[in-house]
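FYI, side chains are in, hydrogens and waters are out, and symmetry mates aren't considered; it's all heavy atoms of this structure.
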Amino acid sequence: MEYQFREIERKWQDWWVKNETYKVSNHSSKPKYYVLDMFPYPSGAGLHVGHPLGYIASDIYARYKRLKGFNVLHPMGYDAFGLPAEQYAIEHGIHPAISTTQNIQNFRKQLDKIGFSFDWSREVNTSDPSYYKWTQWIFLQLFKSFFNRQTQKADSIDFLISEFEKDGNLYHPFPDSNFKLPSSDNRFTAEEWKNFSEKQQQEILMEYRLSYCGYGEVNWCEALGTVLANDEVINGVSERGGFPVVKKKLRQWYLRITEYADRLLEGLDTVDFSDAMKEMQTNWIGKSYGAEINFAIDDSDKKLKVFTTRPDTIFGVDFMVLAPEHELVEEITTHKHKKEVEEYIAWVKSRSERERMAEKTISGAFTGAYAINPFDKREVPVYISEYVLAGYGTGAIMAVPCGDERDFRFAKHFNIPITNILGDKFNGEEANPTKDAELVNSNFLTGMLMKDAMVEILNDIEGIGYGKAKVNYKMRDAAFSRQRYWGEPFPIVWKDGIAYPLKEEELPLQLPDVEHYKPGPEGEGPLANIKDWVEVDGITIVDLTPGPSPKERGASPSTPGYFTSTPEQWKILSVFAKENRRNKTEAEDKIWQVLRNRQINNDKFRRQHPIAGYIPDFVCLEKKLIIEIDGGYHNAAEQKRFDTARSEWLNEYQYKLLRFTNDEVLQHIDAVRDRILNELLSMGKDDVVGSPSPKEKESEGEVFLRETNTMPGYAGSSWYFLRYMDPHNNETFCDKNASDYWNQVDVYVGGTEHAVGHLLYSRMWTKFLYDLGFINFDEPYKKLLNQGMIQGSSRFVYRDKNNTNTFVSFNKINNYDVDAIRVDVNIVDGVELDIEAFKKSKPEYANAEFILDEGKYICGVETEKMSKSKFNTVDPSDLVDKYGADTFRMYEMFLGPVEQSKPWDTKGIEGVHRFLRKFWRLFYKESATAPSSLEMAMGEVIVTNDNATDAELKILHRAIKKIEEDTERFSYNTAVSAFMVCTNELTDIKCHKKSILEPVVIMLSSYAPHIAEELYHALGNEGSVLDATYPAFDAKLLVESSKQYPISINGKLRTTMNISLDAHENEIKKMVLQNEVVQKWLDGKEPKKIIFIKNKMVNVVV
RNA sequence: GCCCGUGUGGCGGAAUUGGUAGACGCGUCAGACUCAAAAUCUGGUUCUCGCAAGGGAGUGAAGGUUCGAUUCCUUUCGCGGGCACCA
């Protein structure tokens, strides 16, 4: 019987669905394993062969791990918000939700054909309100948090407010050191804080929030009325339409990712990413140590602040360069240079950041101003130039032409004299960025080594107050808003310039329908066009006004809830308390789920909240009720004494204490709950000045304006790996039990193009959620596997310029003047054009004529990105229809290493298909006529139950070793070839034994699941091959007694010799010297040396 | 421009730790089966000199370390990816 892949694949795909073979439970006694693919954007163009590469790789691994006894989570879903759907909506008027749904269906159909083991019951879609509800919720948590530099962790804004009330911002300076209050200082006292207006307070808090609103420059295209991405801007005009583009400041949301810079760096040590990937992230974060130095400006009271990593070169400063956008430019430019400077700025405005950085030719303008070197009072000219970017450092540099290449070229261009501080290390021809020179011409640093001078000058700068040592990061805060429609709306309303968060109960804030998708006024997003949606009144918002302090509310030390700890005690204990909160036990977590959010009797409980010198597990301050959970050690006599003493002490303060054991909580939570409830009910009405936080207020009659920006593409993808763990939860984004079980993603598969964007953002979100105690790990991805791109191989035909109906074969184009035209790869066989198909492809080609080469039309070939517009895409579905999913899967893997980019060539797929057929013939007898049904074919199985020979076992175990090792290290191309070798060898010795074939089938099932399932059942097995056990490798079966040693003379292979493995070294050397070939090369001379490496080779040096 | 990756037969690639360069597959050539074709099977296939035996060269290029380098080091060239609003 022949290998009928179409019937087989359909049959098993149906069977798997019917039997829910891929459904994964969150409860299992097996160890867990989480294999994740990077979130796909469901593009309208559908899948091409490049897309499934990573999915196949991860699918093989997921199936392999399952065979190895793991409970494997391998989900798939869609990052469904994004620009293409919106662009499509603008052009065709189709709602993005509709086109996205269609694209997803199409995507799914294509994916289903390939036989993936995804658990589709966990599918997520970022554009679904039940998903983005939680994206908005996390955004609100970011909004309500700041980064506490003292603990290096996120903390609540409420806590920050309480700190401000105590000490002003003494211990919590502004994250942006350049931020200045109107008082032109960046410090305030507790007293000042209390006297600020609500608006002032909110503006200050905004400077701390982890998601905040600020102003940023965008590429603004007036003609299109919209904001453009950098790569949509080419030479200062829009890619679409060629309209002018300028920089424009717009209100934008940001994530304060810079606060996490150090932790993002440190975290890299704990994850298994490639060194290249870590390096890219490290460079992106760009931590550098240096100094901020203030230069005075002649005839001005303003200081020019620069950041430099080389303060040791301070005496080599020959000029200063400001970014054209620098705030001082206008002020310091002299009348004489005004026109020139303005013209230059206007030109730079049209330039994208990319162009500015990549530009080789020097440009700039002199402002006419001079800066004064604080150390030697030397005056140097101040220029502006596009090579200094406003966002980096302070937007101004001190230029040292003898040490920096760009500064050097700039100095040459503007004829600025160059000071040599490097002595003979500077040749006047090019800059030398050395750090090892001995300084000359450097005032009090002369004669010092640069690295010593660095330390010296840093001390001086700080001592004299000319500046300070500073750590700088290249990374900037992440822009988090887009002026677009198709993204998550922000759960924010505005009134009088203050941003109010929506209450969490009001989430999700759904995207409203719009009539059209055109931009709103003044560069706002399309949502700004819907007045009815933007203007809201009568909603309940979270009141951001800090309430009166407990003291102001008239509380005294005897009032429950406050003053239970002294500030000193509290400071010490709060750290422990926080730690405790993070590391809660199973029982604590269980009871917390009952107590949290005023679930019992509407009473507020806090956990691990310090009371005087003691941290109870849970406490209701208003009722003075404490709940303790006792672990096993409470049974010890010593501990009992402490416990009793503590209870008595708490009694003195009128605290009541309930104790439960771990077992009570874990096994009888309902009983525990009832007891707590009864206790609370018996206590009557609380007589306490309550402090509900955060407070809520009704805003009857007031009009608020909704935020009209939407979130960027990476919002939903920054946390999706958590949602897969608990995709249908309506109570929380992901239950902690689920995230505790699945934990980190064990293997994350995706392209390097996400190296810095998505990966850094999701790492930050994970750290943030960890800080707040929502999850128990702070790195999302344990191991990263980068898949390479599959490039397209484009085909060209050549049209005669003089005779545009004639096409010339590639080999003859030298004789003609031709235009190269792309032609669809699918009508070209290798390089030979299917002339008939070509004529039919376009009406204008119907009567085309050809100049052939030996009767064939040969196309030109070029490797480039695979894309519809280049006519070089290949649809996986076509290949699956023609060769089957198993062949397709194995061929994609066989192409080359997963990590490497490689061009696609359909030609080779037949070889893999032949291999599967050959493998099939180990089980089934070939018949000349195909049987009419699968059932009839069953009788033709030729597998026997004979015992395996040593030779057969050797073939099998060599394959097991190779395939297991290769699968483990994702070297799938060599594993496929090992399957081929094994099949070839088994065919050669006519082996049809079940004991040999069954293990091979099990191994093959992760690569070619359909044929493996079919053959597994043909061998008489019942359940799915997925639940089989991976064959165990037995090293004993591969032991050899001798080896064919290569014998080299002077490192060049001359012959080989079969030598016993336990032969002694001296014996071997003697044997080798007697060898004919060796004798010939020795030519009677004595060998200088004989190198023998056991199990490797012998080298004779003559 | 900056950062990262990569370069091996006609093609995709293999060589896991410095130790037989080219496994496996495609293509191609020769043969078997066939009226013929397809399919299948067998054998050859880095280039080069040679009837052969056997030499020489060879992993982008140039140098270096080593008994021995595709692998390590230096310089250099080509190609691919990223560079903050494509996802």
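- Nucleotides B/G82 and B/U75 are separated by 27 Å at their P atoms, to the nearest Å.
- With sequence neighbours excluded, no residue satisfies salt bridge (Lys or Arg N to Asp or Glu O under 4.0 Å) with A/Lys1096.
- Distance check on atom C1': B/U70 versus B/U8 gives 7 Å, rounded to whole Å.
- We find that A/Glu1076 and A/Lys1080 are not joined by a salt bridge, their nearest charged nitrogen and carboxylate oxygen being 4.0 Å or further apart.
- Comparing B/C67 with B/U28, their P atoms sit 47 Å apart, to the nearest whole Å.
- For A/Arg969 and B/U17, the CZ to C1' distance is 12 Å, given to the nearest whole Å.
- As a whole-Å value, the separation of A/Lys1052 NZ from B/G54 P is 17 Å.
- In this entry B/U70 has no Watson-Crick or G-U wobble partner, no candidate having both defining distances under 3.5 Å.
- With ring centers used as reference points, A/Tyr485 lies under 6.0 Å from A/Tyr517.
- Here A/Phe721 pairs with A/Tyr781 under the ring-ring contact (aromatic ring centres under 6.0 Å, His included) rule; sequence neighbours left out.
- Taking the nucleotide of RNA chain B with the nearest heavy atom to each of A/Met277 and A/Pro1046, the more 5' of the two is matched to A/Met277.
- Within 4.0 Å (heavy atoms only), A/Arg409 reaches no atom of the nucleic acid at all.
- When Watson-Crick and G-U wobble pairs are counted only if both distances are under 3.5 Å, B/C2 pairs with B/G82.
- Because its glycosidic torsion is more than 90° from 0, B/G7 is reported here as anti.
- Nearest nucleotide to the A/Gln900 side chain, out of B/G13, B/G55, B/C24: B/G13.
- Separating the C1' atom of B/G13 from that of B/U46 is a span of 14 Å, rounded to the nearest Å.
- If you check B/C67, B/G12, B/G13 against the side chain of A/Leu895, the one that comes closest is B/G12.
- Taking atom OH of residue A/Tyr1007 and atom C1' of nucleotide B/C24, one finds them 14 Å apart after rounding to whole Å.
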Under 4.0 Å protein heavy-atom contacts per nucleotide of nucleotides 79-87 of chain B, with B for base, S for backbone only and - for none = -S-SBBBSB
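- Among residues two or more places apart in sequence or in another chain, the side chain to side chain donor-acceptor pair (under 3.5 Å) test is passed with A/Gln900 by none.
- For A/Asn219, the side chain to side chain donor-acceptor pair (under 3.5 Å) partners at least two apart in sequence or on another chain are A/Asn230.
- Of the residues near RNA chain B, A/Glu965 and A/Gly908, the one whose nearest nucleotide (by heavy atom distance) lies more toward the 5' end is A/Glu965.
- When atom types are taken as modelled, the side chain of A/Asn973 and the backbone of A/Met893 share no donor-acceptor pair closer than 3.5 angstrom.
- From A/Leu785, atom CG reaches atom CE of A/Met277 across 10.0 Å, with rounding to the nearest 0.5 Å.
- Distances shorter than 4.0 Å separate some side-chain N or O of A/Trp1081 from OP1 or OP2 on B/G55.
- Nucleotide B/C26 holds its P atom 14 Å from the CE atom of A/Met890, rounded to whole Å.
- In this structure B/A32 sits in a base pair with B/U40, meeting the Watson-Crick or G-U test at under 3.5 Å.
- Listed by chain and number, the residues in a side chain to side chain donor-acceptor pair (under 3.5 Å) with A/Lys961 are A/Glu965 (sequence neighbours excluded).
- Annotation: salt bridge (Lys or Arg N to Asp or Glu O under 4.0 Å) contacts involving residues 273-283 of chain A, sequence neighbours excluded, are absent.
- A distance of about 16 Å separates the C1' atoms of B/A14 and B/G7, rounded to the whole Å.
- Taking a pair to require two hydrogen-bonding distances under 3.5 Å in either a Watson-Crick or a G-U wobble arrangement, B/C51 remains unpaired.
- Every residue meeting the ring-ring contact (aromatic ring centres under 6.0 Å, His included) condition with A/Phe5, not counting sequence neighbours, appears here in chain and number order: A/Tyr3, A/His913.
- When every heavy atom of A/Tyr1007 is checked against every heavy atom of A/Thr967, the shortest pair comes out as OH-OG1, 2.9 Å.
- Spacing between B/U20 and B/G25 at atom C1', rounded to whole Å, works out to 22 Å.
- Within residues 971-990 of chain A, the residues that have a heavy atom under 4.0 Å from RNA chain B are, in order of number, A/Asn973, A/Thr974, A/Ser977, A/Met980, A/Val981, A/Asn984.
- Note on A/Arg914: a side-chain N or O is less than 4.0 Å away from OP1 or OP2 of B/G27.
- Side chain A/Lys962 to base B/U16: a donor-acceptor pair is found below 3.5 Å.
- With a 3.5 Å ceiling on both atom-pair distances, the Watson-Crick or G-U wobble partner of B/G27 is B/U45.
- The salt bridge (Lys or Arg N to Asp or Glu O under 4.0 Å) pairs that include a residue from residues 973-987 of chain A are A/Arg958-A/Glu985, where partners are two or more places apart or lie in different chains.
- In this entry the distance linking CD1 of A/Ile790 with P of B/U6 reads 18 Å, nearest Å.
- A donor N or O paired with an acceptor N or O is found under 3.5 Å between the base of B/C67 and the side-chain atoms of A/Asn1099.
- Near-neighbour residues of RNA chain B inside residues 1090-1097 of chain A, defined by a heavy atom below 4.0 Å, number-ordered: A/Ile1091, A/Ile1093, A/Lys1096, A/Met1097.
- Residue contacts shown for A/Gln1044 include a base, since a base heavy atom lies under 4.0 Å away.
- When all heavy atoms of A/Ala479 and A/Pro712 are compared, the closest pair comes out as O-CG, 4.3 Å.
- The distance between atom OH of A/Tyr883 and atom C1' of B/C26, rounded to the nearest whole Å, is 12 Å.
- To the nearest whole angstrom, the two C1' atoms, one in B/G9 and one in B/C29, are 16 Å apart.
- In this structure, A/Leu1053 places its CG atom 5 Å from C1' of B/U20, rounding to the nearest Å.
- As a whole-Å value, the separation of A/His913 NE2 from B/C26 P is 13 Å.
- For A/Arg917 and B/U40, the shortest distance from a side-chain N or O to OP1 or OP2 is below 4.0 Å.
- Rounded to the nearest Å, the gap between the P atom of B/A39 and that of B/G63 is 49 Å.
- Take A/Gln483 and apply the side chain to side chain donor-acceptor pair (under 3.5 Å) test, not counting sequence neighbours, and it matches A/Gln252, A/Asn709.
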